[in-house]
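Read through the structure below, which is laid out as structure tokens, and then see the notes.
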Amino acid sequence: MVVGGSPALVSQLVGHTNSVNKVILVPNDTALISVSDDRTLRVWIKRSSGDYWPSICQTLEWCCSALAMENFHLFVGLESGAINHYKLTEDLNRITLLRIYTSHQMRVSDIIYDAQRDWLLSVGKDKAFHWYQGDTGRRLGSYVAGGWCLCLAFDRISNFAFIGDYGGGIHMIQLENFQFVTTLKGHAGSVRSLIWDEEKQILISCSADKSIFIWEIGEGKGNALQLNCHRERVNSIAYSAPNRLLFSFGVDKKMIVWNLRTERKQFMLWQESNECQECKQPFFWNVQRLWQEKNVVFKRQHHCRRCGRAVCGECSPNVSILPCYGFEYPVRVCKPCYQEIPEDELRSSTQTHNILIEPTCVNLDISKKLMAVGASDNVIRLYDIAACL
């Protein structure tokens, strides 16, 4: 099943003079909030003309790198490592500073606020994760990763925090007892964004290695599905849980819509061998076999993306898309796999849209069928995604 039509550009919000780091569509209102490296926090309200204009433009002392909002409480992460807590009036025309958390020693990367528990979670480039009680400002716990912490997700039911780092690891922390659980490994580049689906109990991650992973954590499955379609770093993802549609944005200036209702198979781990597992000829590093057989043909090792076997170039001359395994562009397959690929494994369930911008952040409000996208050209764009659903 291929998802629907193209997103429609509704509006462009011009005003920031540097990279937009975070944008949030205000629930139950025609407004949005953004922060930028130009040191401004802006609240944009839709006017009667249909255009968006700032009702608030607050200039801070440092670049604004992260943003979280719930119940009109705003948390703004700064380049200095501090987090400013503001209260926003319901008419969206005034903010009041309530507290400053001296949280991190370097740039704050991501923030999550849980109003039900009054918890503030944050990660920064000082490699640290911090957990605060909101009403008192007291730090409840900390965790230090091996590299820059870049993104954060939170399971509000089981109280698990997921921390994506620069090295490609995703650290899983149980906040109830504040206990480290495990590190999910699969990405070969920095983890750029994380999304947790509470209903399906899956974690979605995107990375600088151009891939997206779906981690099936619930019910102890422990499976990992890989999605590959972008040709450059994947910067941002957004997810519509009711429709099970995933929107991914990359440096390749493409927006890809993935239908996660489609059944996919776990990607095959690559096998290692000293000889081609199809023709049995030795690879070039197998000097003993080459000497014994007086073989002067040097064969390189490749891998079939469908079965994972180690094969030579002569035994894997064909390429094919493998949407069932998460490959939406042609990849190498061995001769036996190429001849037996069934029709259903070739059926794609994605749509690719050229948006001609390099997104830096994205926020989706499925109730309004609107998506806000901040870009490297400092402009915020609003898209109507009704045709995609």
Side-chain angles (χ1 to χ4, degrees), residues 10-47 50-79 82-101 107-115 120-122 134 151-152 154 193 195 235-239 247 249 359-385:
V10 175
S11 184
Q12 299 188 72
L13 286 63
V14 180
H16 285 296
T17 58
N18 209 326
S19 178
V20 181
N21 291 319
K22 190 77 172 181
V23 58
I24 295 177
L25 290 160
V26 179
N28 306 316
D29 211 325
T30 54
L32 59 88
I33 304 171
S34 62
V35 293
S36 167
D37 276 340
D38 64 5
R39 299 190 295 126
T40 62
L41 161 68
R42 301 182 187 225
V43 180
W44 308 77
I45 297 179
K46 188 176 182 179
R47 308 299 179 177
D51 296 325
Y52 285 80
W53 292 95
S55 62
I56 296 173
C57 182
Q58 180 84 13
T59 301
L60 283 75
E61 62 274 23
W62 295 86
C63 297
C64 305
S65 55
L67 176 67
M69 176 188 175
E70 194 166 343
N71 294 345
F72 295 98
H73 285 270
L74 287 180
F75 295 85
V76 181
L78 303 178
E79 181 78 25
I83 300 174
N84 288 4
H85 178 193
Y86 297 95
K87 185 68 168 67
L88 177 65
T89 57
E90 293 190 14
D91 62 3
L92 307 180
N93 284 311
R94 188 163 54 90
I95 58 173
T96 303
L97 180 63
L98 300 181
R99 177 180 282 115
I100 298 178
Y101 296 83
R107 182 183 178 99
V108 179
S109 303
D110 203 0
I111 308 169
I112 290 177
Y113 176 63
D114 181 11
L120 176 66
L121 314 178
S122 67
C151 51
L152 187 60
F154 179 51
S193 184
I195 293 176
N235 272 345
S236 302
I237 50 177
Y239 181 58
F247 301 81
F249 299 82
T360 55
C361 57
V362 60
N363 186 246
L364 172 65
D365 189 331
I366 195 61
S367 64
K368 303 174 188 173
K369 297 181 175 58
L370 277 181
M371 180 180 291
V373 180
S376 57
D377 61 359
N378 313 330
V379 177
I380 301 169
R381 292 167 175 83
L382 282 178
Y383 292 94
D384 183 344
I385 59 166

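If you read the sequence from its start, that first residue is 1, and numbering goes on from there.
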Notebook entry, point to check: Heavy atoms, side chains only, cut-off 4.5 Å: are Asn84 and Leu41 in contact?
Noted result: no
Tell me which donor-acceptor pairs under 3.5 Å the side chains of residues 58-71 have, and how far apart each pair is, sequence neighbours excluded?
unit_1	atom_1	unit_2	atom_2	d
Ser65	OG	Gly77	O	3.3
Ser65	OG	Val108	O	2.6

Next item on the list: Compare all side-chain heavy atoms of Leu382 with those of Leu25 and state whether any distance is below 4.5 angstrom.
Entry: yes
Note to self: Whether the side chain of Ser36 engages the backbone of Asp38 through a donor-acceptor N/O pair (distance < 3.5 Å, no angle test) should be reported.
What the structure shows: yes
Notebook entry, point to check: Hey, does Arg42 have a side-chain heavy atom less than 4.5 Å from the side chain of Ile380?
Noted result: no
Next item on the list: Measure the CG-CG distance between Leu121 and Asp114 for me, rounded to the nearest 0.5 Å.
Entry: 7.5 Å
Note to self: Has Thr40 got a side-chain atom pairing as donor or acceptor with Cys57's backbone, closer than 3.5 angstrom?
What the structure shows: no
Note to self: Can you see whether Ser34 engages Trp44 through a side-chain donor-acceptor pair at a distance of less than 3.5 angstrom?
What the structure shows: yes
Margin query: Do Leu120 and Phe75 make a side-chain contact, defined as non-hydrogen atoms from C-beta onward lying under 4.5 Å apart?
Written below: yes
Checklist line | Closest heavy-atom pair and its distance - Pro54, Arg47 | finding: O-NH2, 3.8 Å
Item checked: Any residue meeting side-chain hydrogen bond (donor to acceptor under 3.5 Å, both in side chains) with Asn378, in chain and number order, not counting sequence neighbours -> none
Check: Quick one: are Phe247 and Leu364 in side-chain contact, heavy atoms under 4.5 Å?
Finding: yes
Next item on the list: Could you go through the side-chain contact (heavy atoms from CB on, under 4.5 Å) check for Val76 and His85 one step at a time?
Entry: CA-CA 7 Å; Val76 181; His85 178 193; over 6 Å; no
Check: Can you say whether the rings of Tyr113 and His73 are parallel (under 30°), tilted (30 to 60°) or perpendicular (over 60°)?
Finding: tilted
Check: Which atoms form the tightest heavy-atom contact between Ser122 and Ile83, and what is the distance?
Finding: CB-CD1, 3.5 Å
Note to self: Return the OH to CG distance between Tyr52 and Leu32, rounded to the nearest 0.5 Å.
What the structure shows: 6.5 Å
Notebook entry, point to check: Can you find a pair of side-chain heavy atoms, one from Ile33 and one from Leu74, that are under 4.5 Å apart?
Noted result: yes
Notebook entry, point to check: Closest heavy-atom contact between Ile237 and Ser193?
Noted result: CG1-OG, 3.6 Å
Next item on the list: Give, for atom CZ of Arg94 and atom NZ of Lys87, the distance between the pair rounded to the nearest 0.5 Å.
Entry: 10.0 Å
Notebook entry, point to check: Is the cationic atom of Arg381 (NZ for Lys, CZ for Arg) positioned less than 6.0 Å from the six-membered ring centroid of Tyr383 and within 45 degrees of its normal?
Noted result: no
Next item on the list: Apply ring-ring contact (aromatic ring centres under 6.0 Å, His included) to Phe249 and list each qualifying residue two or more places apart in sequence or on a separate chain.
Entry: none
Checklist line | Residue pair Thr89 / Phe72, side-chain heavy-atom distance below 4.5 Å | finding: no
Next item on the list: Give, for atom CG of Asp37 and atom NE2 of His16, the distance between the pair rounded to the nearest 0.5 Å.
Entry: 10.5 Å
Next item on the list: Show your reasoning for whether salt bridge (charged side-chain N to carboxylate O under 4.0 Å, His left out) applies to Lys368 and Asp29.
Entry: CA-CA 9 Å; Lys368 303 174 188 173; Asp29 211 325; over 6 Å; no
Notebook entry, point to check: Any side-chain heavy-atom pair from Val20 and Cys361 closer than 4.5 angstrom?
Noted result: yes
Next item on the list: Check the pair Asp51, Lys46 against side-chain contact (heavy atoms from CB on, under 4.5 Å), reporting the backbone distance first and the verdict last.
Entry: CA-CA 6 Å; Asp51 296 325; Lys46 188 176 182 179; over 6 Å; no
Notebook entry, point to check: Out of curiosity, Ile56 CD1 to Leu92 CG, how far, rounded to the nearest 0.5 Å?
Noted result: 7.0 Å
Check: Within a radius of less than 6.0 Å around CG of Asn28, do more than 12 heavy atoms belonging to other residues, nucleotides or ligands occur?
Finding: no
Item checked: Spacing of CG belonging to Leu370 relative to CG belonging to Asp365, to within rounding of 0.5 Å -> 7.0 Å
